[in-house]
Amino acid sequence: MSAPRDRPVSVLGLGAMGRALAGALLAAGHPTTVWNRSPGPAVALAEAGADVAGSAAEATAAGELVVVCLLDDDVTRRVLEQAAPGLAGRTVVNLTNGTPEQARRLARWLVAQGARPVDGGIMAVPSMIGEPGAFVLYSGAQDAFLDWRDVLASFGDAHWLGTDPGQAAVHDLALLAAMYGMFGGFLHATAMIRAAGGPAGGFAPMATGWLTAMLGELPALAAAVDSGEHDADGSSLRMQAASFGNLLTASRDMGVDGGLMRPIRDLLDEAVARGHGDDGLSALVGLLRGGLVRPA
Ligand code: FVH
């Protein structure tokens with residue numbers, strides 16, 4: 001069963017992301033009630049057709065589906081507690097960023113209030129909401145997700161990750177780790193280019209080409225992590241540890257701080273010291289998980 005277009009929905013939290021979510025619901029024709037701690041952000045949404053609630057409890061009472069997008073878990077819990085008497089029978093989809101344990105704790109509390117909890121992780125920035133490329137991860141109460149899937153699709157592709165409410169947060173945070181690793185590397189690279197007198201803008205296409213080529217390595221890397229067969233495929237950890245030292249020495253010589261890169265050098269050096277010099281990059285996952293794959 002999926003929700004028809006005229007079932008009422010509410011959005012709690014009208015920061016940059018909450019406003020984008022509410023806008024997408026309105027654009028898709030859903031009767032939408034909004035609430036925010038400070039009144040300013042609701043004005044434009046009211047002009048676009050939203051009903052503005054005076055309290056979180058009022059907003060929750062108005063919507064069969066309650067979408068929550070607030071600063072953090074602490075704020076979310078406090079806002080939902082204010083609305084607790086009206087939560088019974090509601091589907092609450094929490095799109096606030098948080099940890100897996102926070103998601104599980106909130107889900108238990110929502111079930112105790114008689115609500116159906118779905119936790120979500122938004123893989124988009126506000127301007128991408130409702131546009132191709134945006135996707136949102138969901139886990140928790142499967143019947144509630146299936147019931148509201150078509151409405152949630154207003155935000156972007158909806159990916160279901162199972163009934164453990166923590167799974168959306170696990171995948172959300174893992175994807176953020178991958179993203180920050182890439183951006184951190186690019187920021188260090190541009191600091192080097194600028195220190196050498198070049199423009200970052202001229203370097204960006206070269207970096208894009210290189211990173212795009214390296215993205216093609218991810219499936220093989222993942223397969224090696226799963227199988228435990230850490231084939232170096234011509235790029236051993238011993239070789240990589242040696243050239244990584246050059247990266248840090250050159251950065252220091254140019255006055256570029258190596259803080260973002262040093263942990264990677266340390267990991268490579270430790271892997272080599274523990275006998276993984278002939279292995280490939282996938283062997284590092286064993287060290288990251290605290291397991292020493294081979295005794296030193
Ligand atoms: N924006 C993004 O790029 C990312 C994309 C991926 C998902 N994140 C997460 O979404 C949550 C909200 O993010 P946001 O961008 O909307 O954040 P802000 O614009 O800073 O809005 C924060 C809202 O939280 C309200 N708020 C803050 N403190 C309180 C409080 N004590 N009581 C009640 N509400 C509170 C704030 O209200 P106000 O300041 O406007 O009155 C905003 O509605 C977040 O988890 C991201 O990690 C966004």
Side-chain angles (χ1 to χ4, degrees), residues 9-26 32-46 48 50-60 63 65-84 86-87 92-107 109-110 117-140 152-159 161 165-184 187:
V9 300
S10 294
V11 178
L12 305 184
L14 300 175
M17 185 53 82
R19 291 197 299 279
L21 299 173
L25 290 168
L26 288 165
T32 304
T33 298
V34 296
W35 172 83
N36 195 58
R37 173 181 62 172
S38 54
V43 173
L45 289 163
D51 291 324
V52 180
S55 66
E58 199 183 303
T60 304
L65 169 68
V66 178
V67 176
V68 184
C69 193
L70 291 158
L71 183 64
D72 59 21
D73 178 67
D74 196 43
V75 168
T76 297
R77 184 63 180 255
R78 279 189 275 135
V79 166
L80 286 175
E81 278 171 356
Q82 290 164 24
L87 286 172
V92 178
V93 175
N94 179 30
L95 299 179
T96 305
N97 183 274
T99 70
E101 272 316 304
Q102 287 170 345
R104 293 179 187 118
R105 204 163 45 233
L106 184 68
W109 182 82
L110 284 167
V118 176
D119 195 70
I122 304 174
M123 306 321 299
V125 296
S127 61
M128 290 167 65
I129 293 299
E131 300 293 328
F135 66 100
V136 185
L137 311 169
Y138 297 98
S139 59
L152 297 172
S154 311
F155 305 146
D157 286 347
H159 288 252
L161 289 168
Q167 284 301 318
V170 169
H171 287 75
D172 180 4
L173 296 173
L175 288 170
L176 290 182
M179 179 195 79
Y180 280 114
M182 180 191 71
F183 282 140
L187 294 174

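All heavy atoms count here, side chains included; hydrogens, waters and symmetry mates do not. As the structure lists them, so they are numbered: ligands from 1, and atoms in each ligand from 1.
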* To do: Anything with a heavy atom under 4.0 Å from ligand 1 counts, so go ahead and list those protein residues by chain and number.
  => G13, L14, G15, A16, M17, G18, N36, R37, S38, C69, L70, L71, V75, V79, T96, N97, I122, A124, V125, P126
Would you list the atom pairs, donor with acceptor, under 3.5 Å between side chains in residues 168-179 and any protein atom, with sequence neighbours excluded?
| residue | atom | partner | partner atom | Å |
| --- | --- | --- | --- | --- |
| H171 | ND1 | Q167 | O | 2.9 |
| D172 | OD2 | N97 | ND2 | 3.4 |

* To do: May I ask you to decide whether R104 forms a salt bridge with E101, counting only side-chain N to carboxylate O separations under 4.0 Å?
  =>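 Yes.
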Extract all donor-acceptor atom pairs below 3.5 Å that involve side chains of residues 65-72 and protein atoms in other chains or at least two apart in sequence.
| residue | atom | partner | partner atom | Å |
| --- | --- | --- | --- | --- |
| D72 | OD1 | D74 | N | 3.3 |
| D72 | OD1 | V75 | N | 2.9 |

* Could you pull out all residues at least two apart from D73 that satisfy side-chain contact (heavy atoms from CB on, under 4.5 Å)? => Q102, R105
* Asked: Between the main-chain N or O of A22 and the side-chain N or O of T32, is there a donor-acceptor pair closer than 3.5 Å?
  ->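 A pair under 3.5 Å: no.
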* To do: Start with the C-alpha distance between Y138 and L95, add both sets of side-chain angles, then the distance that settles side-chain contact (heavy atoms from CB on, under 4.5 Å), and finish with yes or no.
  => CA-CA 9 Å; Y138 297 98; L95 299 179; 4.0 Å; yes
